[in-house]
Asks: 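Please see the structure below; I have some questions.
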Amino acid sequence: MSNNMAKITDIRKTVEQLKLEVNIERMMVSKAAADLMAFCEAHAKEDPLVIPVSSSENPFREKKFFCAIL
Amino acid sequence: DFLHICKQCFILWLREKQFSLFFCEVQPNETLTNLKAESDTLKTKLEDERAKLHDVELHQVAEKVDGLGQFIMKTRRTLKGHGNKVLCMDWCKDKRRIVSSSQDGKVIVWDAFTTNKEHAVTMPCTWVMACAYAPSGCAVACGGLDNKCSVYPLSLDKNENLAAKKKSVAMHTNYLSACSFTNSDMQILTSSGDGTCALWDVESGQLLQSFHGHTADVLCLDLAPSETGNTFVSGGCDKKANVWDMRSGQCIQSFETHESDINSVRYYPSGDAFASGSDDATCRLYDLRADREVAIYSKESIIFGASSVDFSLSGRLLFGGYNDYTINVWDVLKGTRVSILFGHENRVSTLRLSPDGTAFCTGSWDHTLRIWA
């Protein structure tokens, strides 16, 4: 009896969760994709791995080595 | 664990330190069969609603975008010092310090420019699967097989025993798989092999919110960029990626298209999408506003699982660390592979872009970390 109650409670929670998920507002993929592309393009200049900056501005590509004086 | 006293209209749940009281009235027609049928109908409806928006593929829309130039990245630093598999790493906001954790039970803080070790802590357990740097740079959090997440303030005095100031924050009933500070040092979000995620107050150790919904181990999580509000995404062994409202504990959206465990999830920099890496050897992109998967990053030649993913600053590149020891770099919009990077001598287990986007760091079962730029 109590096992059945637990199952009913679980599946009722699943049903409520699914109702929430079904009812959210959605956007067409074409619009969502356009927004993703627009973001990439707008931020490309600030992305040092897409538009490479000179080696002197990338601390890991710098040729000089650091020495710790003990 | 929960205590379940079942009467006709009264169920008491006992969860961690929280008590929630439900009054449950069973309606005569609410049998298990009816509810199951309703659940199936809703699942089909959800698929139908999502399919209605699928008017085009992302890579088709991206055909007009310029291709990326030649992509060259190399190992610029190798961090050696762990005695066993590196399982996790995180960058400090200062763009040069890194914290890493290992199966050897150690958590090490490195200066990535010089490769010097600045701090080391020995945890009471092996398999420290999760570590994170605090936003202030003054503390690190870590945990694993001890089922806890502990915070260690970092001392300026290199001789001080960090373990003495350790603060236990999170308590799960199974291993800690991932942890992340929210936008301050005051709260930590955790995910666990016990199937839940949880939000904790660091100072008091109090559980602020718990997130139930995964039906197996939760392996990873990522917080939405702060501009987009209080949500996070988690991925698990139930092949699901769930998006959660941090305040209410509610699961807002759920995606189940992977064919195996989801090892890593990461938000697209705008917060409108997230990527996942899975044992099914694919990475995928899910758009939150279209509420569906919009890209799959895969190749027939890639047959080993992806353990960790991260985006470049603009979101154009997706870096994936794989169990075949390589890193594959994907053009997020076009869906094509831009580059494959070799160097590690065992599985890549963790990968994160540096805060200024000039480099990324990988950790591997070969005991080392590498900085690529």
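By convention in this document, chain letters (A, B, ...) are assigned in the order of the sequence lines, proteins followed by strands, and residues within each chain are numbered from 1.
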Asks: Counting heavy-atom pairs closer than 4.5 Å to chain B, which one of A:A34, A:P48, A:A33 comes out on top?
Replies: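 Result: the option with the highest number of such pairs is A:P48.
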Asks: If you look at every heavy atom in A:L18 and B:S39, which pair is closest and at what distance?
Replies: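 Heavy atoms only, the tightest pair is CD1-O, 3.5 Å.
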Asks: Supply the atom-to-atom distance A:T9 OG1 to B:L35 CG, rounded to the nearest 0.5 angstrom.
Replies: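 The OG1 atom of A:T9 sits 9.5 Å away from the CG atom of B:L35.
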Asks: For chain B, which candidate among A:M27, A:K31, A:M37, A:E25 shows the most heavy-atom pairs at distances under 4.5 Å?
Replies: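 The option with the most such pairs is A:M27.
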Asks: Do B:L313 and A:H43 pass the side chain to side chain contact (heavy atoms under 4.5 Å, CB included) test, and can you show the C-alpha distance, the side-chain angles, and the key distance before you say yes or no?
Replies: CA-CA 8 Å; B:L313 279 188; A:H43 291 83; over 6 Å; no
Asks: What pair of heavy atoms forms the shortest contact from A:V29 to B:V294, and how long is it?
Replies: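 Distance-wise, the nearest heavy atoms are CG1-CG1, 4.1 Å.
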Asks: B:L42 pairs by side chain to side chain contact (heavy atoms under 4.5 Å, CB included) with which of A:Q17, A:E21, A:K19, A:E16?
Replies: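 One option only clears the test, and that one is A:K19.
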Asks: B:A273, B:S254, B:S354, B:A62: which one forms the most heavy-atom pairs within less than 4.5 Å of chain A?
Replies: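 Max contact count across the listed options: B:S254.
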Asks: Looking at B:T115, B:L68, B:L58, which one has more heavy-atom pairs under 4.5 Å with chain A than the rest?
Replies: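 Most heavy-atom pairs within the cutoff with chain A belong to B:L58.
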Asks: Heavy-atom cut-off 4.5 Å, strictly under: side chain, backbone, both or neither for B:A295 against chain A?
Replies: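 Neither; nothing under 4.5 Å.
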Asks: Considering only heavy atoms from C-beta outward, does the side chain of B:R289 approach that of A:D35 to under 4.5 Å?
Replies: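 B:R289 reaches A:D35 side chain to side chain.
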Asks: Report the C-alpha separation of B:L285 and A:L36 in whole Å, then their side-chain angles, then the decisive distance to 0.1 Å, and conclude whether the side chain to side chain contact (heavy atoms under 4.5 Å, CB included) test is met.
Replies: CA-CA 11 Å; B:L285 185 69; A:L36 291 176; 4.0 Å; yes
Asks: Within this structure, what is the CG-CG distance for the pair B:L46 and A:L20, rounded to the nearest 0.5 Å?
Replies: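 Atom-to-atom, B:L46:CG and A:L20:CG are 11.0 Å apart.
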Asks: Chain A heavy atoms under 4.5 Å from B:K64: which part of the residue, side chain, backbone, both or neither?
Replies: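 Contact with chain A: side chain only.
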Asks: Looking only at non-hydrogen atoms, find the nearest pair between A:V50 and B:S312 and report the distance.
Replies: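 That would be CG2-OG, 4.3 Å.
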Asks: Report which part of B:E47 has an atom under 4.5 Å of a heavy atom belonging to chain A: side chain, backbone, both, or neither.
Replies: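 B:E47 has no heavy atom closer than 4.5 Å to chain A.
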Asks: Quick check: does any side chain N or O of B:D291 sit under 3.5 Å from a backbone N or O of A:R26, one acting as donor and the other as acceptor?
Replies: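 It does not hold such a pair.
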Asks: Heavy atoms only: give me the nearest A:A32-B:A290 pair and the separation to one decimal.
Replies: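 So the two residues come closest at CB-CB, 4.0 Å.
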Asks: If we define contacts as heavy-atom pairs under 4.5 Å, which of B:Y268, B:F71, B:F360 has the most with chain A?
Replies: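 Heavy-atom pair counts peak at B:Y268.
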Asks: Would you check if B:F113 and A:F60 make a side-chain contact, meaning some heavy-atom pair closer than 4.5 Å?
Replies: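 Result yes, sub-4.5 Å side-chain heavy-atom pair found.
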Asks: With heavy-atom distances below 4.5 Å as the criterion, would you say the side chains of B:D272 and A:F39 are in contact?
Replies: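 No. Closest side-chain heavy atoms not under 4.5 Å.
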Asks: Got a second to check how far B:L32's CG is from A:I8's CD1, nearest 0.5 Å?
Replies: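 Here the rounded value is 5.5 Å.
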Asks: If you measure from CZ on B:R50 to CD1 on A:I24, what distance do you get to the nearest 0.5 Å?
Replies: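 So the gap between those two atoms works out to 7.0 Å.
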Asks: Quick check on B:K74 against chain A: is it the side chain, the backbone, both or neither that has a heavy atom closer than 4.5 Å?
Replies: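 B:K74 has no heavy atom closer than 4.5 Å to chain A.
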Asks: So for A:S30, is it side chain, backbone, both, or neither that comes closer than 4.5 Å to the heavy atoms of chain B?
Replies: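 Interface part for A:S30: both.
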Asks: Got a second to check how far B:K36's NZ is from A:K7's NZ, nearest 0.5 Å?
Replies: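 With rounding to 0.5 Å, NZ (B:K36) is 12.0 Å from NZ (A:K7).
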Asks: With a 4.5 Å cut-off on heavy-atom pairs, point out which of B:G69, B:C251, B:A359 contacts chain A the most.
Replies: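 The answer is B:C251.
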Asks: Which pair of heavy atoms, one from B:F319 and one from A:L49, lies closest together, and at what distance?
Replies: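 Closest approach of B:F319 to A:L49, heavy atoms only: CZ-CD1, 3.7 Å.
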Asks: Between B:F311 and A:C40, does a side chain to side chain contact (heavy atoms under 4.5 Å, CB included) hold up when you go through it step by step?
Replies: CA-CA 11 Å; B:F311 286 100; A:C40 278; over 6 Å; no
